[in-house]
Each structure stands twice: as C-alpha cells, then as structure tokens.
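Order of the sequence lines fixes the chain letters, A, B, ..., with proteins taken first and strands second; residue numbering starts at 1 for each chain.
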Protein chains: 2
Amino acid sequence: MEKKVLNINGTNRTIIADPEASLADVLRRQLGLTGTKIGCNTAQCGACSVIMDGKVVRSCATKMKKVESGAEITTIEGIGTPDNLHPVQLAWMVHGAAQCGFCSPGFIVSTKALLDRNSSPTREDVRDWFQKHRNACRCTGYKPLVDAVMDAARLLRGEITREELEFKLPADGRVWGGKLPRPSAVAKVTGTCDYGADLGLKLPPDALQLALVQAEVSHANILSIDTSEAEKMPGVYKVVTHKDVKGKNRITGLITFPTNKGDGWDRPILCDKKVFQFGDAIAIVCADTIENARAAAGKVKVKLEELPAYMSAPAAMADDAIEIHPGTPNIYFEQKIAKGQDTKPVMDGAAFVVEDEFYVGRQPHLPMEPDVGFAYYDEEGRLTIHSKSIGIHLHHAMICPGLGVEPEKLRLVQNPAGGTFGYKFSPTIEALLGVACMATGRPVFLNFDYYQQIMYTGKRSPFFVKMKFGANKDGKVVAMETDWSVDHGPYSEFGDLLTVRGAQFMGAGYGIPNIRGIGRTVCTNHAWGSAFRAYGSPQSEFASEVLMDELAEKMGVDPLELRYKNVYRMGDTTPSGCPPDAYSLPELIDKIRPAYKAALEKAKAESTPQNKRGVGVSIGVYGCGLDGPDSSEVDVELTPDGVTVYSSWEDHGQGADMGCLATAHEGLRPLGIGPDKIKLVMNDTAVTPNSGPAGGSRSQVMTGQAVRIGCEMLVNAMKKADGTFRTYEQMVAENLPLRYAGKWVASTCTACDENGQGNPFPVYMYGVFLAEVEVDTATGKTRMAGMTCAADVGSIANRLVVDGQIYGGLVQGIGLALTEDFEDIKKHTNLIACGLPYAKDAPDKLDIIYVETPREHGPFGAAGVGELPLTSPHAAIINAIYNACGVRITQLPALPEKVKAGLAARAGA
Amino acid sequence: MEKKVLNINGTNRTIIADPEASLADVLRRQLGLTGTKIGCNTAQCGACSVIMDGKVVRSCATKMKKVESGAEITTIEGIGTPDNLHPVQLAWMVHGAAQCGFCSPGFIVSTKALLDRNSSPTREDVRDWFQKHRNACRCTGYKPLVDAVMDAARLLRGEITREELEFKLPADGRVWGGKLPRPSAVAKVTGTCDYGADLGLKLPPDALQLALVQAEVSHANILSIDTSEAEKMPGVYKVVTHKDVKGKNRITGLITFPTNKGDGWDRPILCDKKVFQFGDAIAIVCADTIENARAAAGKVKVKLEELPAYMSAPAAMADDAIEIHPGTPNIYFEQKIAKGQDTKPVMDGAAFVVEDEFYVGRQPHLPMEPDVGFAYYDEEGRLTIHSKSIGIHLHHAMICPGLGVEPEKLRLVQNPAGGTFGYKFSPTIEALLGVACMATGRPVFLNFDYYQQIMYTGKRSPFFVKMKFGANKDGKVVAMETDWSVDHGPYSEFGDLLTVRGAQFMGAGYGIPNIRGIGRTVCTNHAWGSAFRAYGSPQSEFASEVLMDELAEKMGVDPLELRYKNVYRMGDTTPSGCPPDAYSLPELIDKIRPAYKAALEKAKAESTPQNKRGVGVSIGVYGCGLDGPDSSEVDVELTPDGVTVYSSWEDHGQGADMGCLATAHEGLRPLGIGPDKIKLVMNDTAVTPNSGPAGGSRSQVMTGQAVRIGCEMLVNAMKKADGTFRTYEQMVAENLPLRYAGKWVASTCTACDENGQGNPFPVYMYGVFLAEVEVDTATGKTRMAGMTCAADVGSIANRLVVDGQIYGGLVQGIGLALTEDFEDIKKHTNLIACGLPYAKDAPDKLDIIYVETPREHGPFGAAGVGELPLTSPHAAIINAIYNACGVRITQLPALPEKVKAGLAARAGA
C-alpha cells in the first residue's frame, strides 16, 4: 500500500492504495467517486477518462504508482453538479448527447480538457480529440456529441447565453414532438446516474463478490468439477455449482412455435453434463473481495472430455455432425414462406433474373457497459435480481423454474443500463445471480469484465442466405426465392422467432407478389444468438437490398428508381401477405432523391484514381412488436403531487423515460400539468405491471398505447360535467379510484402461419438509406463520407430521442458493413478487435429527413424507431462500395482486405 | 434488504439497504457520501445532520425503514462544492467556524434548513435551532458559528455581497496577524475533508474490520482467553490476543523522572495477566465486515478473577489496598515544592490565613469524532499506522518496543482529527492497530463507537488539593502551602509530569515568595489519566483562584483588586522560582476592569430574588512547552512551484496548518510570495521531521521557531549580494541546497528539581477571566450570562485561529465548572450524561480583550494559545456563583443539586 495526497476536485485527499491498482478502481471503489465509469477497463473506450494535471487520462490504465503525490485530478463530480451544471454538461443535455449515458462522464471530462486548451475547436478538431483519447460511444453516432461540444464552446466564449442554450417548453406547454431532455439526463451528465456496477459498489457491506469459472473450450462433456481447493482459499464464502441449484437449472427459451423440435430447456444456468460454448459458466465463487473470488476461481478443477466444436451452421448441418443437444437435431426449426403462386414458372418467365448468396455475421453488441447485476432477498423475502434486463417480466418467466423459486418470490428490477442493443433480451447473469444469492443467502454482485462481456453474451445470429429475384421487363420484381440458414449458437431461445423474421423481412418494402422459400434454425457451438437491434432484418434485408442493386445493374437502371418502382403502393402486400400500415416509401424516396443526386454528382467530382467515391441506397422496413397479438399494461395514478405512471418500459439507453413521459404528458394534456408533475416508476416486477420486453421497437407503440389509455382513463374519471377536472382532494372526497390500469392489445395482429403468412405487426417503420463512401483502392479501406436516412417513424414523441436513435443506428450500420465481427473467438476479444466505430469512423455528415405519417395503431400516431436505422444501412454502404470501385461484397464485414481482393480480382479479370 | 429510490442532492438514486440500517451508515458506507460524519451515533451531536424533505434529521438515528421512497435528501455534498461554495459555507470559512471541522457539515446542513425557513433569524433563534437539533461543537464555543450564520443570512438576503464577505489579503500581502481562513477550511466546510473514519471506508477492499473484546470489570486477574468459537464465526479472518504480539506487549510511558517508582512498562497493548480498568482491550477480532467482527467479539470467552477496584486516589492510597501493578506501590511518584523560606513561620506571622480543599475531577475530552485509525504495510514494507495521534514521533517511541518492530520499519501518520483536546497524547488505538496489522498482514481499520470513546480513552486526572494562603495586612500573599494527590488511573504515562504541573501552577500568576508543598501520583483503577488541554493547570489554578477569592472575602476587599496587588511584577518569580517572561497581568487586569465593573453593576441591577446574578474573576497562566529544554525541527524546501514546509505540527483541530502557514509566510516575507505558494507537508514520520508532539501550547512556539529558522535559512541562501533573491532555477544552477532543516531548542530552559524549582518554559501565556452567571435558586442551576477573557498570548499569528481557541476553551471551562464529569462509569456513558455544553449552555456574550506582548522566545513574538482559556475560567465561574448566591463550590462540577444543597445549608445556617 502506498499513501498519497492527491488534489481531487479541488481538495486534497489522502489515499492509501496498492501501487498496482488502477486510478479508476481507486476512485470508484475506495473514494466512492462512481461518476467515473469503467467500460472496457483496457483503455479502449474512454468511459473512465479523468483530467490529471491538465491532461485527459484513461484512469483504468493509469496505475496508482504512476500517479504522483500532489497530482490534481478532476473527475466528472468536479466538473459540475445537478444544481450547478457546467456548460459542457448543459450542452450534453440539450443535444440529447447522453443516451445510455455510460460514456457521458468520460466524454464530458475529455471535452472540458479540450476546451481548456482550445476554446474554438472545429468539428474536426473535436473528432480528432475524441479519436485520440479513445472516447467511444455506441449510442449516438457521435454527431450529437460534436454538436454539444460546439455549443458548449460558444457558451464558454460568451457567444451565446446559458438561457439561449437551455431547453424551454414551447408556449403551449406541449412536450410531445419537442426536445425536452430526458429525465435521466441530469444524472447522466453529472455522473450521479448509478449503473449496475455503481449500485453494486453501494450494496450493503455484507455483499459477496462473484467470480465465474467458465469453459475454455466450445464443446465438451463434463466429467467432474472439484471445488475443494477453491473453497479453502482466503475470503471464500462458498463455491456454487449446478449441485446447488434448487430448480431445473435451465433457462427456458419459451419455445414460440410448436414445430420447434426442441423443448426450450436446453440452456443450463450452470453447466452440469456438457459445455456447449466457450465461456459457459460452470461454477460461481462467492467471496469477500473480487480479487479473492477470482483467485479462488482459478483453483476450481474441471475435468472435460472435449467434443468436436461446430462453429457455423454449415458445420453443424454436416451429415457427420453429432447432436449438440442429444435427442434434438441440430436443425431444430424450419420456416417456409409461400406467398402468391409457385415461383418456378414465374422465374422461368421473368425478363430478368438475378441470384446471389449473402452472409451477415455475428455482429457483437459492444455496449460501453459490460454486463452486471446483483441479487438479494428483499424485505418481503423475495429473491430480487437487479440487472440490465430489457424484459423483466419475460425473464421472470424464463428463469423462475430453473432457479426453483415460487414465482411470487422472485422479483426482477432493471438498473440503468449502459447500452444493450438487444443482448439483454437473454437472461444470463440474472440466473447466475439468482443461484448464488439462493445458495449463500447473502447479497451477491457480479460484474463481467469486458472480455466476459464479449465472450459470454449473445451475438447477432449469422444468416447464410441464397436469394433469387425475377423481374419483368419494366423492372417490377414478380418473384423471389429464398433459402436461409440461421446459426443460432447452442441455445434455442427465440431461435425459431428469428428464423421467422427471415420470412417476414427478405424483400420487405417491395410488393413482391410471389415468394417461395425456406429457412432453418441451426444449433452450433459458437456464441448463442441473442436479440440485436433490428433483429433478423439486417441479415434479411441485406440480401434483398444488395440483390436489388444487382438487378438494377443487370437492367442498367438507376438503383433508387428501380426501388421507387417496386416499393409498397396501395394494393401491395408485405412478404407476410398483409397490407403495410403506411405507404410512405415513395414519398421517402422523393424526399431523399435530391440528396442522392447531389451525392452522385459530388462522388463523381471528388473521385480520384486512388480514392474512389461512390453512392449507394437501400430500403429499410421493420415491424413494431413481438409478433402477433402483442400487448402491454401500465398503471396511471393520481397523487397529491401530480400523476405517477408505473411501467415496465425497460431502457437500453434509448430513452424509455422520455418516451413514457412524453406519451403520458400528451395523454394528460387536458389537465394542463407540466412534465415535472409526472413521476415515473419503472422496471421493477414488484411494483410495475407487465409492459412486455423492450425489443422490436415495440415499447413506444405497445406501452405507449397503454400509457395513453391509462392517462385517458384517469382524465375521464377526473372530468366533471362542466368540462373542468376534479382535484386530487375532490377525487378522494368522492371516493373515486385514483389508479387506472391502461392495457393495450394489438388485436388486429396474427402470428404467421406455416407459410409465413399473417399480420404480425400493427405498425411498421419505413426508411431509405443513402450512403456516401470513399474507397482507398491502395488499401481497400472504406471511409464514410456521409449517411442520410429518410425515415417515417410516425409522429415523433421526442425529437432528441428519435434523432439520437437514428444517428446511433446508422453508425452501428457502418460498423456492421465495414468492421464489426465476432467470428474468431481467439481474436475478436476486445472493442477494437471487434471493430467498434470510433468518432472518426462515423461521418460528420449524418442527415435525417423525416416523413411523419401518423399511425393508426400508434399512440398519438407514433411508431417505434430503434430498429429502423439498422435494418439495411449496411446494404447502402455495400452498394456504395460497388458504385465506387465495382467490388460487390456479399459476405460482411467489408474489411479492407476483402475489398482489396475484389479489386485485384477485377484487375485480373 | 429493501430497495428505495431517494432523491439525493438533486438526482434520484436507487438504494438497496437493510431497513434497520441507519441513513447515516447507508450514506457513508454504501453511497460513499462521507461528508456526513458520524460522531456519537446516538443523535446527541448532530454531526450526521442531513435535510430530509425540508427537515433537519440526524441521520444516525434515522433508520432506513423510516426513510420513504421518494424522499428528498440533501447532504453537505449537495450544499456546495469547493468551486461553488454556498453562502453558509463561505461564512463558515471566514469566521473560522470550522476548527477541527468534524461538526461543520452537520452545522452547515442544519443552518441551510434554518435559513430556508427563516431568512432573518436572531442570534437567539440560531442558538435555539442548534439546541433543538442537537448540533454540538466542542471547539468553537459556538460564537463563531452564530456569527457565520448571521453573515450567511445577510448575504442570502442581499444585504452584503459575496465579495464583501470573502477574505482578502491586506494590501501589503501580510498573512501574519490576519484572518486568512486555514488551508483545510474549504475541505471542512464542503465535507471533503476525510477524517479517519472516512479514510477507513476508503481503504483498499481487502482491509479488515476490527472489533475489540474489552474488559467489563475494573480490576481482575485473567485466567484464560478462549477464541475458538469466535474464530469459527462468519467472515472472521483472525482473533488476535496478547499471544500474537511480537514485542513486549507494552506501551511505554517514557518515564520522565528517575524518582518514579515504576518502570513505565505497566500498560499492556492487549491484556495478558491482568485487567487494570474497565474497557481494557483483551482481544481484537479481524473480520470482513464490522458486523461480523462485532458478532464474533461477543463469542470470545474470557475467564477472570475479579479484584477490588480502587476507583479514586484515596481508595488506592488506603493501607489495605493491594498493589495494582504488583511490585510498584500505588503511590509511585512524589514531587515536592520548596520555594523561599519555610512557610510555617510565615503562616504563623501572617495577617490573614485561608485554607480549603479542592477537587477538580475527570473532565472527559468529548471530541465530536470518536477515536479511529487504520494500519497497513506501506510500499517499503513499513508498518504504517494512521490515527489521531498528536505526537507521531513520540508515539513511535512509545509503541515500537511493544509491537516488536524495528524503529525504521514503523511509520506513524496523523489523519485529520475531529478534536482531541489532548487525549490523543496517549497512543492506544495505534498499538492495537499495529498488533492487528502485524498479525494479519492485511490493512486493518478500527473505529471506536462513542461509548468506547468515552470508556476507553484517557481523562483529565482528578487532583485532590489542600491549599493554604498566608497574606500580610496589605493582602500580599506571602506564603502558600499545598498538598495534592493525583488520581492518574492505572497507567503511568506522564503521570509524574502531571504531578509536577501541580508544583508549577498552584499559585501561578502571583509572586508568592514562600511555598511548601508535596504532590503525589496515585495509581487507581479508574480511567487512565491522559493529557487534556491546560494539563494540570485547571486542577492547580482552581485551588489558588478560588482560595484567592476566599482571601479577598476574609479581607473584605475586591477580588480583582486583590489579584491586581499580587500578580507578577518585576522582581517576582513563578512558583518554579524563575522570572516570568512577560509582566502583562497588571495591564490585563487594567483592561478587563471596566468590563468587570460593568458586569457587577449589571448583576446588581438584574438580580431577582429567585435568579441571582453574580460576577467572578480568575487569573490564568500556562507555560508553552513540554518542560525543560524542549525542541522542534522542520524542513523548508524550495521547489519549482514555491516553498514546501515539512513539519510534524499535529492538529487537534486547533489550526496547525494555519499556524505553520502564517509562520512560514512571515519567515519568507522577503521573497514576497503569496500563501498559495507555500505547500505544507505534515504529520508523517516517514516524511516529516520530529517537531515534537502537539501539546502544552508548544507548537506555535517550538515548531513555529523551527519554521522561522528554516525559512530564514532558505531566504539567506537565496539572497544575492545585491539584496535580490535567486530563483529556483538559479539555486539549482549554482548547486545550492534547496532544503533546510530548521531546528530550535529552548536552551534557556531547565527541568524542575526535586524542590520544584527550575525554568521549565521559555514562554508563558497570561489571562484574566471574567464570568457572569445567573443562579436559579429554585433549582440550583447556573446559567452563563457572559464570559470575558483578557489574554496575552504574544503576537497573534492568525486572528481566526486564536479567537477560536479562546472561545472554545472558555466553553470547555464552562463545562468543567458546571456539568462535565466522568466519575460514574455506569452513568457517564454518553455526551449528554458527561455534561457536554450545547449552544444554549454557552453565552452569546463571549468577549476577548488582547494584550499583545511580543515574546522574546516566540517566533515573531508569538506565544501559544490553546491551553490558556482552560487554565482557570471555571474558577471565575465558581467565584461568580459565590458572588451571586453565597455558595462556594470547591468540588467540581457545580451541578444544580450541589448549589441547591449549598443554598439550603446557608438558609439553615
């Protein structure tokens, strides 16, 4: 231990620390300054940035022995406080720059240091600074951050006033459609938002720290697990194995379709008989400190009989492959699609036929915050599990039997989540925490490191797609044939549903009358497939959107105009055979066309022999909802202080609080109350009703409707004969109910049948993507020059949230197109290796064009938004690369070496 | 565990806590908000005050189950930050209202709530508020706090500006003599000053929590200690007993005088053979949490053979009393005094003779912060012990052999101390921490609760005094005879020195030519005697100052004028037979006389038959230094940024930092640097030289001199031939030394001889006290109407510090006179029972009159200050009670029942 005196946020603090400890760890664990977040813990994400003696340092990589006694350190807590926000913090709020908010303290601290040094940076300077200091953001696409820095600098230079920058409600007091910063923004920009790791540090002192013993092979039989040595290690309270699990020790996948050949009970909480993938949890060490827990985890001895690992769908589908789950075939689900007439004769008669094979791989989610949670017994003796779960009621059902606890004795709570993008649709840490808490009776805390985050959370499931279009001489696509194999990893949960998404979204956006195809879910030993933003559509629409360009090329027509000809118009139906809920694609194309033409001009003008510029487009469509008659429920209650809305509208970071608040405020407008009078109680199965999970862009639609209905019920109950409203006191005096359950069911919807036909979603989102790229032909590297998205997501609830969702989704699309992957488990082990886009990988030109078609089935006309921007932006980028240099990438990501190989092949051809 | 969402300092925080846990504990241990301090932990001190839903609550007594979800809580961290101080915080600084600072967050939070409710309180309103909310302060005497509140209210009302309130250096830049707030003030008023309990919470996560097994009897032989059951308790790492102590297991008292019959090795670290007093430590449980440690401590089985407990000096001096330390007589030291001629013939010839017996009891120190510390091995393998030690080098020597560690492998560090008033002259927790750290090899943390603070720290040692004055017909005291027995409890440390203080201070202030007397140190089983502010003089001077009033009464002269006649004038000598260093007492009396006369008039005018008012005076004298040729050393170093001063000027809370800074700044004035360029490195034996302990008002004199000399050495070295000064770079270029050791020795001093004669102190402090009281004759209760102190403490280094020391000492004198005691160990177990003065027990009229006689042997003319105000204010109060109602209290404290009994006796007589 070493004693140092450091000046932290303006006062001297004596610190006793291990010289080998990181500054981040000391700030957080010892000084309680949890505003400094730890993301990757390997200096790749900048969440832990602090200012030390005037320089931005990543505190996770700064060992205490390198911190000089007397050093001056500024953390987010020293930048400003909720009632004394620094201009950078204020700008961050009003630009919606804090989405999940996990990166915000690091960015704000970094920005402070930039502006201390350069009071008038250019946008490029800002991006250079963030790039240099590795400040990474996964939510915002970086644009709102740069906007915020520019405004903060203006305020600091005195060019604008604080009042000019601050958000003000419009004169009519309306929140809906405006730019009110989300309620959580103040906490996020001041470092006072406690995420799971922060709450974990703030648990009662008897909390046990957990470390996992994990498989280091991808497929094996377990012969024995010996915990005896580990149990004797210092500080160890208990080593938990499958033998300690009281229930079925399985997380059920809640099989959705009866034709699934599995039973959904294939996923162990703690491995008992087999290891199914690298990283599978085998034991949990519970100790007084995490260091002791980890040391003891290294002493657990696991004897394995290794089995052949099937690391892709084709490998697992091979004739000689053994059953990964004995008794269940590796191809455990199939979904046909049959719309209109048999496609064979139509293809035979088509003027143009194109076909190709496509592969969209294991995109990793890469949230800034690694998975984390804790569990304890609450005051009513309920096993209470806090996590990043984006489906608390869903996960309740999925883990309850496995744990062996009565449903009423299990409670799930969502912590503020530092980004999930869907991976938290799978309950993993939740079940592990439950087991450890039940086995020890003590509060337990488990925080994945970033390696665990990458290796032991689900990924986007690769689709191997074969697709064929037949078009008539006018370019109208008259038939589509498809074949897709979904590598879903070893666990079945929702694997059937994902495969159905192939049927629903291949060719989506186009009124293709005749479709035939088949998809299959394949069990493999690679990372389990979990939900990921736009679930199924990036794989499905990549195929149809690249193939559409191939058709345009074959026909010699402009790809945007070919799409214009084919997009949904009155009378067309979706691949599922039902009419779309809005016909806005022609208008979206009309609106984006000038930008498209300008981009083509610009590309032509700016291309050089080495740096070739190109432009590509794509259509994106996604449905809002889980599939079929989805539903949601919230409670709305009148209180002496205003109105409280109880919902399980989980937050990935997208802005659940703002969505709920804007919708409730709109529903309560007759009462004339301000947003500060609406209190949100969210995401705790013990106190908030089942609003369903936050996935498939369903929350704003389903839960938004439930909020609207609940508010209307309350407003109606308060209404007096003369049109005025009862006060709280009057409601009480008249003995009228104060709390109303708003329930909404997508009653017009039906699940798809065996032919993939049905009406699965009440509301869809529509978009057109325009990508501008520059390909360095010497290296094959693609640089993004711009992305534009024309979007119809219905009426907009909150402009900051919706803009932010689109910016962020677009940059995830850039990652998906160019860099992101998790194929090689030996190599793709950190953010950089996995291809996370940094500030300079995202273009500063990131434009949105809105068409707001009010949706019949959306609350106040709103659709969802989150999935749309990641449906097919990657296809537009790939099409742009082809436009630039003639190389057509059909197997993502379009790494420089692939493009370069394509260029070489063309040169050779 | 219960989950709640609380709005803390402006943002919502989710908290998982035991419903039975206190809010204070949750704020501190779980949320890391250590600005909220825990003092008594029983709602008696207000250090833990926070605002909850607009009301001040003591968070230590607020269980989490009583905190409603949604509650709004403001802690000191939410009031203001170092760069954004709230007006109350600013006012606190500029009024020197934060001395030790431990109570400051609670007071400031409480004040914020007061001013939120009442923007224009009167001084009485402020005192009522603090009284009602039990905000207790042991340092300031409350006056500066009320002053600060009044100014903060003015600023908040807009009657003064922030700039008007802020401290500004005078035009000449001089710090010396001014009101610069102490360097630690910002941290103290913002809750960012980390005291031992705060630092303990911020230790590395592997730190062990310690709980003591303590004796519950006062005297016993130990038959056996069985730790086996305790060792098996959850979370226990080790149970440490005397068998684990590597060294002599004794804290040496560093016997000062060869005539001491003990050897100084009487004090065990952990009891082995015997228990000597209630509370003695027998074992230390080291566990993962304090709860587990305490639970296990209850399982240690100690078999005892109880022995007779001698709970007072007379009891232990009885013929049949056994030796408490076998082999050493219970009376283990005697000190004679013999000055001038034999007193018997002088007494026989005296015109007036008075004699009486006096008792000043076990005044408890009652700091707001209970004892606390921690230990670890530093980066060089040194056993490093942090505590409230006010004598780090002294304690190093006292505990090193007992621990059995090589001196160079032991390091002591002082933490910011929340008040000591002298009790930390005894190293207790230090040795226990050292033993536990050595036995476990892990960082260890021990925090006394307030019961332990009271029961297991030293107390002021009672003096049983017999005294006789003989005066000539003019009232000149010509002879004094004394006999005093000092109950020093079971441990000898400095017990001899304390007894010598009786010889030095009985009759101090008066030029009594002939003195004979004897004092003795007695070993008992009551609380061990430790240093307490004014060490020995409150006991000694109480006798002579009350007896002086008895003489005045007998003579029928005014007691102030009688003193005027007797105080030191040129040619007089102290009881030790040497000339005083200043003859300011006549001037002090001259200056206080108008106030005295006015007080007499006022008392006469305002007395009623029931509420009788009275006025009393006393003289106070104390020496600055340890005794004999005391010395100190500091280092002064030129750095690129300014000058660094290295000193072991320990801080009780008195303002060591300000004393050091003011003295250094004055010494460095030729360089013309601002105080912000002077860096203080303090109180760490590994890096700061031996400046001696902070006791006996020696620091400003001894260490101040060392600072002055060091600064002068540096200034001289920097001086160029032309009278200008070399820069740092020039010093380096010329290869001149940068660091200078300032050393000072009180070379004119000699220790007292067997007759109590010598020249023990280079500098003295002189004061006159004026007390105004009102005695309710129905109840016997004395209310303070005013206290005035005329003080000559030499040149004043810092007015805020010196004012604050005097105010605080006066109110401790009020406590000593009227309420404070630790006689009954079953009853005197908490702050209230021990008689701590609250805001309304201190008068708002608390005046100081300065005479600044520059001292030859003080740096820049300064004397010390801390002890002076507690030398004899209680005597003035007792004299005032007599003046009011004719009851002379000679056995302190003057509880209402004693006064009432006195009134009854008079009525009966």
Side-chain angles (χ1 to χ4, degrees), chain A residues 1-3 5 8-19 21 26 29-34 65 70 77-78 80-84 184 186-187 190 192-194 199 201-206 234-235 237 288-292 374 376-379 384 386 413 415-416 443 679 681 684 686, chain B residues 1-3 5 8-19 21 26 29-34 65 70 77-78 80-84 184 186-187 190 192-194 199 201-206 234-235 237 288-292 374 376-379 384 386 413 415-416 443 679 681 684 686:
Chain A
M1 297 303 144
E2 194 168 359
K3 170 197 157 211
V5 177
I8 297 181
N9 298 329
T11 48
N12 284 339
R13 318 288 298 233
T14 295
I15 288 148
I16 319 300
D18 182 344
V26 170
R29 280 211 286 179
Q30 297 186 217
L31 300 188
L33 294 171
T34 56
K65 65 184 175 189
E77 290 87 350
T81 52
D83 59 359
N84 184 38
S184 57
V186 173
T190 54
T192 57
C193 179
D194 286 330
L199 292 167
L201 290 179
K202 294 168 190 176
L203 287 176
D206 64 334
Y237 188 82
D288 57 350
T289 68
I290 185 60
E291 289 80 3
N292 283 337
F374 50 88
Y376 55 90
Y377 283 98
D378 77 3
E379 73 281 11
T384 304
H386 285 235
V413 180
N415 292 326
K679 184 181 161 195
V681 174
D684 178 340
Chain B
M1 297 304 144
E2 194 169 358
K3 170 197 157 211
V5 178
I8 297 181
N9 299 330
T11 49
N12 283 340
R13 318 286 300 231
T14 295
I15 288 148
I16 318 300
D18 182 343
V26 170
R29 281 211 285 178
Q30 297 185 217
L31 300 188
L33 294 171
T34 55
K65 66 184 174 190
E77 290 87 350
T81 52
D83 60 359
N84 184 40
S184 57
V186 173
T190 55
T192 58
C193 179
D194 286 329
L199 291 167
L201 289 179
K202 293 168 191 177
L203 287 175
D206 64 335
Y237 188 82
D288 57 350
T289 68
I290 185 59
E291 290 79 4
N292 283 337
F374 49 89
Y376 55 90
Y377 283 99
D378 77 2
E379 73 281 10
T384 305
H386 285 235
V413 180
N415 292 326
K679 185 181 160 194
V681 174
D684 179 341

Answer yes or no: is there a side-chain heavy-atom contact under 4.5 Å between B:Thr11 and A:Val186?
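Sidechains of A:Val186 and B:Thr11: in contact.
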
Proximity breakdown for [X] and chain B, heavy-atom pairs closer than 4.5 Å:
X	result
A:Leu201	backbone
A:Val413	side chain
A:Ala187	both
A:Tyr376	side chain
A:Thr192	both
A:Asn415	neither
A:Leu31	both
A:Thr289	side chain

For the interface with chain B, which of [options] has the highest count of heavy-atom pairs at distances below 4.5 Å?
options	result
A:Pro234, A:Gly70, A:Pro205, A:Ser184	A:Pro205
A:Asp684, A:Asn292, A:Val681	A:Asp684
A:Lys679, A:His386, A:Glu291	A:His386
A:Asp288, A:Asp206, A:Leu203	A:Leu203

Minimum-distance pair of heavy atoms, taken over all atoms of B:Ile16 and A:Pro204:
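Reported closest heavy-atom pair: O-CD, 3.3 Å.
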
Please name the pair of heavy atoms, one in B:Pro82 and one in A:Asn9, separated by the smallest distance, quoted to 0.1 Å.
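Here B:Pro82 and A:Asn9 meet closest at CG-O, 3.8 Å.
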
Working to the nearest 0.5 angstrom, can you tell me the gap between A:Leu33 CG and B:Lys202 NZ?
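Rounded to the nearest 0.5 Å, the CG-NZ separation comes out at 7.5 Å.
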
Select, from B:Lys65, B:Glu77, B:Arg13, the one with the greatest count of heavy-atom pairs under 4.5 Å involving chain A.
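Of B:Lys65, B:Glu77, B:Arg13, B:Arg13 has the most heavy-atom pairs under 4.5 Å with chain A.
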
Please name all residues satisfying side-chain contact (heavy atoms from CB on, under 4.5 Å) with B:Asn12, sequence neighbours left out, ordered by chain then number.
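Scan of B:Asn12 (side-chain contact (heavy atoms from CB on, under 4.5 Å), adjacent residues dropped) gives B:Val5, B:Asn7.
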
